[in-house]
Structures are given as C-alpha cells and as structure tokens.
Amino acid sequence: MKAFKDLGLDENIIKAVEDMGFETPSEVQEKTIPILLERETDMVSLAQTGTGKTAAFGFPMLQKIDVSSRTTQGLILSPTRELCLQITNELVNYGKYYKGLNVVAIYGGASISEQAGKIKRGAQIIVATPGRMKDMIGRRMIDISKIEYCVLDEADEMLNMGFYEDITEILSYSPKDKSTWLFSATMPKEVATIAKKFMHTPVEITIGSKNIGAENVSHEYYLVNARDRYMALKRLADANPSIFSVIFCRTKRDTQKVAERLIEDGYNAAAIHGDLSQNQRDLVMRSFRTRQIQMLVATDVAARGIDVDDITHVINYQLPDEIETYTHRSGRTGRAGKTGVSMVIVSKSELRKIKAIEKKIQKQFDHKEIPSGMEICEIQLHHLADSIKNTEINHEIDSYLPTINEIFSDLSKEELIKKMFSVEFTRFYNYYKKGKELNVPTADPEDDHKDSVRFFMNVGSKDDFNWMRLKDFLKDLLQLDKDDIFKVDVMGSFSFFNTESKHQQLVLDTFHDFSLDGRRISVEISKDTGRKRGGRNRRSDSGGYSRKNSGKKRDKDRPKFKGKDRRRSGKPENRGTGGKRRNRK
Ligand code: ADP
Ligand code: MG
C-alpha cells in the first residue's frame, strides 16, 4: 500500500492531508492521482460511492492549476446543489495551503448575481450544477474558454437526472484540448456513450466490479382503468408498508391534486413542483430526506434536484410524454448499489408505450397485478408482526405495566395476540372487503395460471433475497423449473410465491422442519391465492419488492394511512384510522 507522499503530491497537499487526518490513499486515489499528475489525459474512473473520488480528481487539479492566475482553469460538473457545495468545501480544505486559491460553487436556487460577482473576482476552479452553469454561460457571466481540466463527477447521476443536453451545451463552450475526467459509481450504457462523445482514448480505471447500475431497478406495470389510477396507487402503497417513493405525474396540477388526496387519506405525502417557492421546495426536500414524507409526488422538472438514496419505489402515476423521461424517473431508485422498483400504472390505451419503453431501455417490464384487498391485509399483518418483534422496549412504560397487565390478566397470550392483530386486521379488512377488482384482464393466454397455490415464507430482503434469488433458491431446492415458481414477491422479512397446486405437497414437505444457516424457515399456504382476479402475469414470475414496508387503512374508499419507516425516522408513526390517531409500531 502506498502513502500519499508516494503519489507525487506536493507539500501543500500533503500538509492538508495530514490536517484532515487521512492516513493512506484509497484505492481509487492511489490509482488515479499519479496518472493525472503525470500526464495530460482524459480519464474514466469508476468506483463506488464513498471511496474518495473527490480527492482523486481534486488533488491533481489543485496541484496542476496556476493559483497566481485568476483565469478559470478547472470546471467540475456535479448533479446536485448539495454535492456541488460538498465538493467546493472539500476542495477548499484540500487547497488551503495554496495562497490565492479561489473555488466558487455555482448552483440553482441562490442569487445568480452574487455568484456572478464571485466569478468576476477570479475563480480558478468552478464547481457547478449543469442547469445553472448553462444559464450563466448563456448570460456571459462565466467564461470557460480557457479551462484545462473538466471533471464530470457522478456522471451516471447527471445523466439519470436528465442533464445530457445541458452538459453537451456547456462543453461546447470549452476548449477542445482540455483534459476531461469522468468519475462515476456505475457505468450504464449512457455513461459509456458520453465517455465516447466527450473524450479521446481515456485511461480507464475501475475499482471493484464494473457496475452497470440500472440492473438494480426492476420495472413493473399495472394495468387498470384510467379512472382507477388513484385507487391503484393507494393499494400499491398499502402493499408496501415502508415504501419510500417518488410518484411522478405529468402536470403540476395533477401533482398537487394527487398529493392532496394522499394527505387527506392519511399518508405521509407531499408535492414538489415548479409553483412552489425555493423555500417551500427546500422544506419539502428536507422532510423527504428525513423521511417525514414517505411519498413525494413530483413533476419531472422538480424531480431533477432529488438526490436521495434509498428510494424504494418510483411510481409512474402517469407515463411521461417522452420515453427518455422514463429513464430519468426510474433512475431515482436503485442508487448506490441498492435495488429499486419502478412501477407504472397504465390504462389499456397506453400499453404500446410500455413496449416502446422496453425497447428503449432494453429491459422487460413485468406485468403485475394490483394486490387484492386480502393480500394487502395479509402483508400488513406480517409487517405488523415483524415490527412488533423488532421494536425496542421503551422502559418508560414500566410504571404503567401493572395496570395494563391487570386489564389483560384474563387473556392468554394467544387471545392477546388475536385481539391485538384483529385491531389492525379489521381496519384493513373493513376498508378492503368491498374493494373492487382493479386489474383489467388481458387477452394474453400466458397470463393464466389457473390452478395455483400461494405460499408465505418467513425470509425476505433482510435475508439478502430478492425475487430473482428467492426464485432460484426455490427452484433448486424443490427441483422445479423456473416457470413452476411464479408471482414471487419479496418483502422485508417475508415473501410470497406461487406454484401450481400439484406442487403444493412437495413444497410443504420440503419445508417441513427446514433450516437454512441454522435458522428455521417456515413456509405456509397464504390465504390469498392472488388468483381469483383478472389477468395473470405475462411472464410467470413477477418482479419482487425489495424492501420492508408500512401502511394503513380506514373506512370507505378513503383508507387513512400514515406510514413511516420508524427504523429510519425514529419518530412515532401516527396513522389515521377513521379519526382516531394512534402511535404505532
Ligand atoms: P465519493 O466521491 O467517492 O463518493 P468522497 O470523495 O465524497 O467519496 O469521500 C468520502 C469521504 O471520505 C469524505 O468525507 C472524504 O473526506 C473521506 N476521504 C476521502 N479520502 C480519504 C482517505 N484517503 N482517507 C480517509 N478519508 C478519506
Ligand atoms: Mg463524489
């Protein structure tokens, strides 16, 4: 392992590194820094988030620019305002021993004239988001005609967010003979394309395995009548109790409307769109980031600034007009090595758009069904059981326990459990017992798995399963074909799958007294077969949910819902239940 001083870095940087307490260079630093210091070259460097890429391009850039000149020599483009500020901050720290160094951050939502003023005073390095940068170049507030180094940081993200055109335009104002350094966590096709377009024989450095990124996202569509869109959305949320999602609508009006209905129905939702002030948007984003908001309803334009990891689901409430936009939407999930699901609610007339998108993204959608009411009840019950089991005991309740125990003294544990779960179950049950069938039947003959059994299984994504892995696991264990196992849905700590009825006994026998890595695995027949509804999955399997979830219901067609993943927010979760408010989980 090398030390920083072996990389060719000068005294100013070495001192700053010591001040920051960095002991040894990270792998990406060790590999990129010497090359970038030694020669003028383009570079593509791929390494996971958090591996120190900022210093990997920051140290060489700082060392190579001339701080005695006030000309802008380096440009760093980054996808979001937060990152932009973060990089600026790091560079200022790394470069604190370079006298006269001036690094300026350029980003939207702040005073443009103030930023222009800072540039005017002379900035050797500009760190910018593409939108504002393009704007300021257009207004001749920034001159990048003399830059020698250009960094495209988090290139995959910038493309996900739809900045391709902006980047192209910005770079058209920069000199041809500069060096371009692209840094990215993943290498989807789009990044390879810009590497080709903007670079000449770049040196390629890959740390770890080349992650093509978009593989983390599975795509699903749900076929419903256009008038049932909203109800379908609610069911998708209820079937995914700890959903943390962005919901895309086409217009500001719809965005606002859907958010309002969700809020009215008790969900933790909010809208983000261009009619909000920057202040309001900041507020919404802060609540989303801290997970006070579980469902963020957004327009495409407003969603550009969303840089939140861990989004479990992107829901296309309506499909975008442009196919291209779908890619940006689905790219909000499956970030930083996590898996995600992009769901589309479509009506029959839009089905051909799904085909067009499949062609564009080179991936197949799974045709999935809106869960039935009973399925949702079951998911919610398991989720509740799971949350109770994982709840840390709050000893503040100790002093109340004698009276509470007194109240329940006549009940056995079994009765207590039954009653407790009935509270939850009845609420959902009452809401959903008259819930109508939302799925529109399709004519696809493959859609029919007439005679099947649905199983519940007590392992889920927490056990490192996703639907593909679980399906493979079952297939191997049961020695069945992969088409014999379908409708695999993986939730947080449990899962569901179907087989044809003729395999029922095989499944039950196989899992009788079955352990995996010392843990008892139980498989039971699920109440809901998922079968009595309209069409069946086009392909026999179905994409899985990959995260644990939380949800609610009340009466009529307006179940009250307030769900929040407490593990993350740490706040008590209120859910409205027909007027009553309770803390839960
Ligand atoms: P990336 O851009 O790859 O996601 P960052 O450049 O943001 O990663 O670095 C992540 C964190 O690691 C930052 O807080 C940074 O200060 C710190 N860091 C970077 N390099 C080192 C190092 N060699 N030793 C210790 N910490 C480092
Ligand atoms: Mg970074």
Side-chain angles (χ1 to χ4, degrees), residues 1-10 12-37 43-63 74-97 103 105-107 125-130 149-161 163 167 180-188 191 194 204-211 213 216 289 305-310 331 334-338:
M1 201 194 301
K2 286 197 174 150
F4 277 107
K5 58 178 177 4
D6 303 326
L7 303 181
L9 293 164
D10 69 21
N12 285 335
I13 295 212
I14 296 292
K15 270 198 293 187
V17 164
E18 278 167 12
D19 291 353
M20 280 179 302
F22 294 2
E23 284 170 3
T24 49
S26 68
E27 197 179 345
V28 68
Q29 291 164 356
E30 187 180 322
K31 290 207 169 128
T32 48
I33 292 171
I35 297 174
L36 294 181
L37 284 177
M43 171 176 280
V44 173
S45 182
L46 305 173
Q48 280 307 316
T49 306
T51 51
K53 294 192 287 298
T54 317
F57 62 75
F59 290 176
M61 186 183 279
L62 285 166
Q63 188 161 326
L75 169 67
I76 296 157
L77 291 176
S78 96
T80 66
R81 177 163 67 145
E82 286 74 19
L83 276 169
C84 182
L85 287 167
Q86 202 179 308
I87 295 166
T88 308
N89 223 342
E90 295 260 309
L91 290 185
V92 167
N93 265 333
Y94 303 158
K96 66 180 180 183
Y97 294 108
V103 186
I106 296 296
Y107 51 90
I125 299 177
I126 293 175
V127 187
T129 54
Y149 308 102
C150 174
V151 173
L152 304 175
D153 191 27
E154 307 233 0
D156 50 353
E157 269 309 299
M158 287 203 283
L159 296 176
N160 273 342
M161 296 172 79
F163 285 133
I167 295 171
T180 305
W181 306 337
L182 182 153
F183 284 78
S184 186
T186 64
M187 185 71 165
V191 174
I194 62 163
E204 269 197 54
I205 286 178
T206 306
I207 309 295
S209 60
K210 209 178 218 173
N211 181 345
N216 298 336
R289 220 168 262 129
I306 300 176
D307 65 323
V308 177
D309 288 339
D310 293 348
R335 293 164 45 117
K338 312 261 170 53

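Counting starts at 1 for both ligands and their atoms, in listed order.
Counting heavy atoms under 4.0 Å from ligand 1, residue Glu90 touches it through the side chain alone. When non-hydrogen atoms are compared, ligand 1 lies under 4.0 Å from neither the backbone nor the side chain of Phe59. Only the side chain of Gln29 comes within 4.0 Å of ligand 1, counting heavy atoms alone; its backbone N, CA, C and O stay farther away. When heavy-atom distances to ligand 1 are checked against a 4.0 Å cut-off, Asp153 has no atom that comes that close, whether in backbone or side chain.
Of the polar atoms of Thr51, at least one N or O is found under 3.5 Å from an N or O of ligand 1, judged by distance alone. Below 3.5 Å of separation, one finds an N or O of Thr24 facing an N or O of ligand 1.
Using a 4.0 Å cutoff on heavy atoms, Phe183 does not count as a contact of ligand 1.
Take Phe57 and apply the ring pair (Phe, Tyr, Trp, His ring centres under 6.0 Å) test, not counting sequence neighbours, and it matches Phe183. Judged as a ring pair (Phe, Tyr, Trp, His ring centres under 6.0 Å), and not counting sequence neighbours, the contacts of Tyr149 are Trp181.
Atom 8 (O) of ligand 1 has its closest protein heavy atom at Gly52 N, 3.1 Å. In this structure, atom 17 (C) of ligand 1 lies nearest to the protein heavy atom Phe22 CZ, 3.9 Å. The protein heavy-atom contact nearest to atom 4 (O) of ligand 1 is Gly50 N, 2.5 Å.
Per-residue contacts place Gln48 under 4.0 angstrom from the following atoms of ligand 1 (heavy atoms of the residue considered): 3 (O). Proximity to Ser26 (heavy-atom distance under 4.0 Å) selects the following atoms of ligand 1: 23 (N). Which parts of ligand 1 touch Thr54 is read off a 4.0 Å heavy-atom cut-off, strictly below it: atoms 2 (O), 5 (P), 6 (O), 7 (O).
Considering CD1 of Ile33 and OG of Ser26, their distance stands at 7.5 Å, rounded to 0.5 Å.
Using a 4.5 Å heavy-atom threshold, the side chains of Leu7 and Phe59 count as separate.
Using a distance-only test at 3.5 Å, with no hydrogens or angles considered, a donor-acceptor pair links the side chain of Lys53 to the main chain of Ala47. The backbone N or O of Leu159 sits nowhere less than 3.5 Å from a side-chain atom of Asp156 that would complete a donor-acceptor pair. Formation of a donor-acceptor pair under 3.5 Å by the Gln29 side chain with backbone atoms of Ala55 is not found in this model.
The local environment of NZ in Lys15 is crowded, with over 12 non-hydrogen atoms from other residues, nucleotides or ligands closer than 6.0 Å.
Nearest heavy-atom pair across Ala105 and Cys84 is CB-SG, 4.1 Å. When every heavy atom of Val28 is checked against every heavy atom of Thr51, the shortest pair comes out as CG1-O, 3.3 Å.
There is a protein heavy atom closer than 4.0 angstrom to atom 27 (C) of ligand 1. Counting protein heavy atoms under 4.0 angstrom from atom 12 (O) of ligand 1 gives zero.
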